[in-house]
Amino acid sequence: MNYDYLIVGSGLFGSVFAHEAKKRGKKVLVIDKRDHIAGNIYTKVLEGIQVHQYGAHIFHTSDKEIWNYMNQFAEFNNYINSPIAIYKDELYNLPFNMNTFSKMWNIQTPREAKEIIDSQIAELSIQDPKNLEEQALSLAGKDVYEKLIKGYTEKQWGRDCKELPAFIIKRLPFRFTYDNNYFNDRYQGIPIGGYTKIVEKMLDGIEVLLNTEYSEFVKLHPNIADKTVFTGMIDSYFDYCLGTLEYRSIRFETEILECDNYQGNAVVNYTERKVPYTRIIEHKHFEFKSQKKTVISKEYSTEWKPGMEPYYPVNDKKNSELYVRYQELAKEEKNIIFGGRLGSYQYYDMDKVVRAALDLSGREL
Ligand code: UDP
């Protein structure tokens, strides 16, 4: 059997592309090394609760086309992400906003908050922030940086804030209003019924082979498709011939608890360096149901090693340069397209992944 496209990975990128290709009459085969579809957005029901098996995924976008596209596959609820941060015995609202500042300095007005932050920034004299630490300090001052950013970031990335790119912290809003919405985007929500169902719908009528590793599969079926869309790790495709790109992985400790409400919020970040996990997710709060029990997941961030699941590309200087060299190799390769968070080695949000897959579909199909 010969296919127009072999799609490696049934995550969001691969599934959107597969869906679009089938819609345009292409013959498509999707393979995935895991025993389930949906990649890292996979959700599974435990105690009647949709559990985000590979970490919390909150869909948010300002791109109306992408929002409408996703709404073909699911109805979204009105969840708004408003995480809590715990630092020692202090509790703050995230993202950095007037609720955070008023609690931190016992003040009430934006003017008071600005005065404190400006005076902290003035002591530092940072002109052009070159790394995450400088960026965070010049945005929020010393108190916010030390209590809410430094410990959390160094746990999550396993690197000093001075070695990390500034763009990571720019993902978070910083505002002088009493607004705890973590995102600035126009549209936001959690798909009712879970993410796995979305991917099931995208892949409806498409052949999918699970438990199928690309490198072995392609040896057995070298001419199976005219083109391949590869959404795995780009360095693994090339057998790490230029060296390994670095990724962060996460170990989840998931527990079912005999209580109906453990922490009162879906996301609670532990920003102190000493607490070994970065955050606790209480999955039921993504939906608004009233199950008797609750399911929580503690997230422990670790350096990725072979055999683990990669989650975050480490977009520091060294890795970015290595990625460019892999891109050069990719250009020489015939009939293969790399995409998704791993294939493009980019810290993509879901909406950007869908956008990239639709853009590729537009160019390619
Ligand atoms: N961050 C932080 N303190 C927090 C939450 C986030 O300093 O309490 C920083 C940290 O550097 C992190 C980045 O913001 O890597 C992005 O956080 P986000 O919540 O977007 O990460 P994700 O949900 O993708 O894991």
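Both ligands and their constituent atoms are indexed starting at 1 by order of listing. Nothing here was measured: the structure is a model prediction, and the numbers come from that model. Every heavy atom of this structure was used, including side-chain atoms; hydrogens, water molecules and symmetry mates were not.
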Exercise. Which residue owns the protein heavy atom closest to atom 21 (O) of ligand 1, what's the atom, and how far is it?
Worked result: Tyr347 OH, 3.0 Å
Seminar exercise, completed: heavy-atom search around atom 17 (O) of ligand 1 in the protein gives Tyr182 OH, 3.7 Å
For this session: Give a yes or no on whether the backbone of Gln108 and the side-chain of Glu112 come within a donor-acceptor separation of less than 3.5 Å.
Result: yes
Exercise. Can the ring centres of Tyr5 and Phe17 be said to be less than 6.0 Å apart?
Worked result: yes
Exercise. Between Phe230 and Phe238, does the ring centre distance come in under 6.0 Å?
Worked result: no
Problem set entry | Numbered atoms of ligand 1 (with element) below 4.0 Å of Arg171, judged on heavy atoms | 16 (C), 20 (O), 24 (O)
Problem set entry | Row check, Tyr92 ring normal vs Lys147 NZ/CZ: under 6.0 Å, within 45° | no
For this session: Answer with side chain, backbone, both or neither: which part of Ile149 has a heavy atom less than 4.0 angstrom from an atom of ligand 1?
Result: both
Problem set entry | Protein residue, atom and distance nearest to atom 9 (C) of ligand 1, heavy-atom basis | Ile169 CD1, 3.6 Å
Problem set entry | atom 3 (N) of ligand 1: the protein heavy-atom neighbour that sits closest, reported with distance to 0.1 Å | Leu148 O, 2.8 Å
Exercise. Do Glu207 and Tyr3 meet the criterion of a side-chain donor-acceptor pair at a distance under 3.5 Å?
Worked result: yes
For this session: Would you verify whether the NZ or CZ of Arg355 falls within 45 degrees of the ring axis of Tyr69 while also being under 6.0 Å from that six-membered ring's centre?
Result: no
For this session: Compute the centroid of each ring, for Tyr270 and then for Tyr277, and state whether the two points are separated by less than 6.0 Å.
Result: yes
For this session: Please report which non-hydrogen protein atom sits nearest to atom 11 (O) of ligand 1, along with the residue it belongs to and the distance in Å to one decimal place.
Result: Thr153 OG1, 2.7 Å
Seminar exercise, completed: Within 4.0 Å of some non-hydrogen atom of Gln156, the atoms of ligand 1 are 12 (C), 15 (O), 25 (O)
Problem set entry | Arg279 to ligand 1, any heavy atom closer than 4.0 Å | yes
Seminar exercise, completed: One finds that the ligand 1 atoms under 4.0 Å from a non-hydrogen atom of Leu94 are 8 (O)
Exercise. In terms of the angle between their ring planes, are His36 and Tyr42 parallel, tilted or perpendicular, with boundaries placed at 30° and 60°?
Worked result: parallel
For this session: Mark yes when over 12 heavy atoms from residues, nucleotides or ligands other than Arg186 sit less than 6.0 Å from its CZ; otherwise mark no.
Result: no
Problem set entry | Top protein contact for atom 25 (O) of ligand 1, by heavy-atom distance | Tyr312 OH, 2.4 Å
Exercise. Of the protein's non-hydrogen atoms, which lies at the shortest distance from atom 5 (C) of ligand 1, and what is that distance?
Worked result: Asn269 ND2, 3.3 Å
Problem set entry | Over-ring placement of Arg251 relative to Tyr300, 6.0 Å and 45° cut-offs | yes
Exercise. Of the backbone atoms (N, CA, C, O) and the side-chain heavy atoms from C-beta on, which set of Leu164 has a member under 4.0 Å from an atom of ligand 1: side chain, backbone, both, or neither?
Worked result: neither
Seminar exercise, completed: for atom 14 (O) of ligand 1, nearest protein heavy atom and its distance come out as Leu172 CD1, 3.5 Å
Seminar exercise, completed: If we number the atoms of ligand 1 from 1 as shown, the ones under 4.0 Å from a heavy atom of Thr271 are 8 (O)
